[in-house]
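Following: one structure in structure tokens, then a few remarks.
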Amino acid sequence: MTDVPYRFDRNATAAGLAADYADLGIGEETGVTVRVAGRLMLRRDQGRLTFGTLRDSSGAIQLFAGVKWTADYDSFSHLNLGDWIGAEGEVVRTRTGELSVKVTSWVRLAEARRSFGDKFRGITDVDLRYRQRYADLWANEGSRDTLLARSRIISATRRWLEDRDFVEVETPIFHPIPGGAAARPFTTHHNALDVDLYLRIAPELYLKRLVVGGFERVFEIGRVFRNEGLSPRHNPEFTMLELYQAYADYGDMMELIESLVAHLATVMLGTTSLVYAGRELDLSTPWRRASLSDLVEEQTGRRYTIETPIDELRAAAGGYGIPVSGAWGPGKLLLEIYEKTTEAALWGPVFVTDYPKEVSPLARDHRDQPGMVERFEGIVAGRELCNAFSELIDPDEQKARFEDQARARAAGDDEAMAVDADYLRALEYGLPPTGGLGLGIDRLVMLLTGAEAIRDVIAFPTLRPEAPEAPDGPAGGPDEADRAG
């Protein structure tokens, strides 16, 4: 490929041409010469004429080549589908009504040595789509649309928060102590310091340090890492929005998140009413608020609280097929019963409020209900979208909670937290009343794009290692059917 140029001066895009010449009549010429570039995705040969579809990042435009006016016409008519080319020619509308570039000269910018799949159906092998996203994005336009929507959702989220005086910050990805959520971390080792470090499972404790330092409204959108299994809604690395607001509580967080999600739905879809997985869903505000115990009772017909005798809770959990640990207290049992019987049945949106203290080591005690905390999860379409607290601000209480977690960790719970002495020291400088929120960006994108698998909204999801490719496998140029256009 020594004849491939190092650059190409493009001065027009497919979308720009469509907009600029929307009123060009059938069979008309413009006298305007443009230079376009992109991939040749379809080609139709008609003897002395060849029509091709050039796709760039903005859309598609037809190329119109002919033996009488196109340089090296024979080579043009034998290009591989998928080849990157640059073309120069006049903007015209053909007699069939297609806006086109009448190609006078062209150059191949990169050769496609592999096929992009069936020219009408794209790549239909799901594993191949995720594993070779670079091909999927060309073969399946819906994949590109989803990732573009993801970008727009994140940008709109940033603007919405900044308009409300939130400041975007960055916190460490390497943590000396895993914390901020109940999850199993990934571990690595820093050679120069000779210390183990953990990929963050949440940025929470660092963001609250910034609130202690005087940042009253902070947020971070970034990757977090949890050493857990794969599922249609779980990927080991995923994107979280976490935010913290001084002088606020979990009620303020409910109002914030329902307003943000409704705003994003309106921006992306033009409405807060949508259909997801074949069911109607209304994201308009306000969302329903209901306690965890009330929702379990609605679903099961039985009332369970942390006051229910523990033997009764254990028996109930066993009856629902939950493997019960003898170390679980009533709060953990109640949460397990809720997650087994109720969460997936909540179409929502609904804020599930008031969780047991036992399973919420970073949340503040409920002001009215002993043994409970001011925490909610936002459930939409049967899955958790967000988790939020009135944040625990008492360093002594936080130390006791950490120590409970450390004992659970020592007893074999590898998702329990450790004691973070520096965070406790930060709390001793004083954390004002604060509301905090974590929102799963990937699940939000799934909701607003209609995707039912998290891998559809992540450009490069985590996959099992693939088997080595056979020497005579898919490598090589497109087959003759592809060449025929």
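We count residues from 1, following the sequence as given. Owing to the predicted nature of the structure, the values given are computational and were not obtained by experimental measurement.
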Open item on the list: Checking Ser105 now: which residues fulfil side chain to side chain donor-acceptor pair (under 3.5 Å) with it, not counting sequence neighbours?
Closed with: none
TODO: Kindly write out the residues that satisfy ring-ring contact (aromatic ring centres under 6.0 Å, His included) with Phe219, not counting sequence neighbours, or none if the list is empty.
DONE: none
Open item on the list: Asp74: which residues meet the side-chain contact (heavy atoms from CB on, under 4.5 Å) condition with it, sequence neighbours left out?
Closed with: Ser77, His78
Can I get a per-line list of side-chain donor-acceptor pairs under 3.5 Å for residues 8-19, giving both atom names and the distance, sequence neighbours left out?
from	atom 1	to	atom 2	distance (Å)
Asp9	OD1	Arg7	NH1	2.7
Asp9	OD1	Arg7	NH2	3.1
Asp9	OD2	Arg7	NH1	3.3
Asn11	OD1	Arg35	N	2.8
Thr13	OG1	Gly16	N	3.1

TODO: Could you tell me which residues satisfy side-chain contact (heavy atoms from CB on, under 4.5 Å) with Val67, sequence neighbours excluded, listed by chain and number?
DONE: Arg48, Tyr73
TODO: Apply side-chain contact (heavy atoms from CB on, under 4.5 Å) to Leu147 and list each qualifying residue two or more places apart in sequence or on a separate chain.
DONE: Leu137, Ala459
Task: Ala87: partners by side-chain contact (heavy atoms from CB on, under 4.5 Å), with sequence neighbours left out - done: Val36, Leu63, Val103, Trp106
Task: Contact list for residues 202-220, test salt bridge (Lys or Arg N to Asp or Glu O under 4.0 Å), sequence neighbours left out - done: Arg200-Glu220, Glu204-Lys208, Lys208-Glu391, Arg209-Asp420, Arg209-Asp422
Task: Residue pairs fulfilling salt bridge (Lys or Arg N to Asp or Glu O under 4.0 Å) with at least one residue in residues 162-178, sequence neighbours excluded - done: Arg158-Glu168
- [ ] Return the orientation label for the Tyr355 and Tyr338 ring planes: parallel under 30°, perpendicular over 60°, tilted otherwise.
- [x] perpendicular
- [ ] Could you walk me through whether Asp456 and Tyr130 pass side chain to side chain donor-acceptor pair (under 3.5 Å), step by step?
- [x] CA-CA 8 Å; Asp456 288 330; Tyr130 298 144; 2.7 Å; yes
Task: Whether Trp69 and Phe64 hold their rings parallel, tilted or perpendicular, with breakpoints at 30° and 60° - done: perpendicular
- [ ] Quick one: which residue pairs count as a salt bridge (Lys or Arg N to Asp or Glu O under 4.0 Å) with a foot in residues 230-239, not counting sequence neighbours?
- [x] Arg223-Glu237
TODO: Hey, could you give me each pair passing salt bridge (Lys or Arg N to Asp or Glu O under 4.0 Å) that has a residue in residues 17-29? Not counting sequence neighbours.
DONE: none
TODO: Using salt bridge (charged side-chain N to carboxylate O under 4.0 Å, His left out) as the criterion, list what pairs up with Glu377, not counting sequence neighbours.
DONE: Arg375
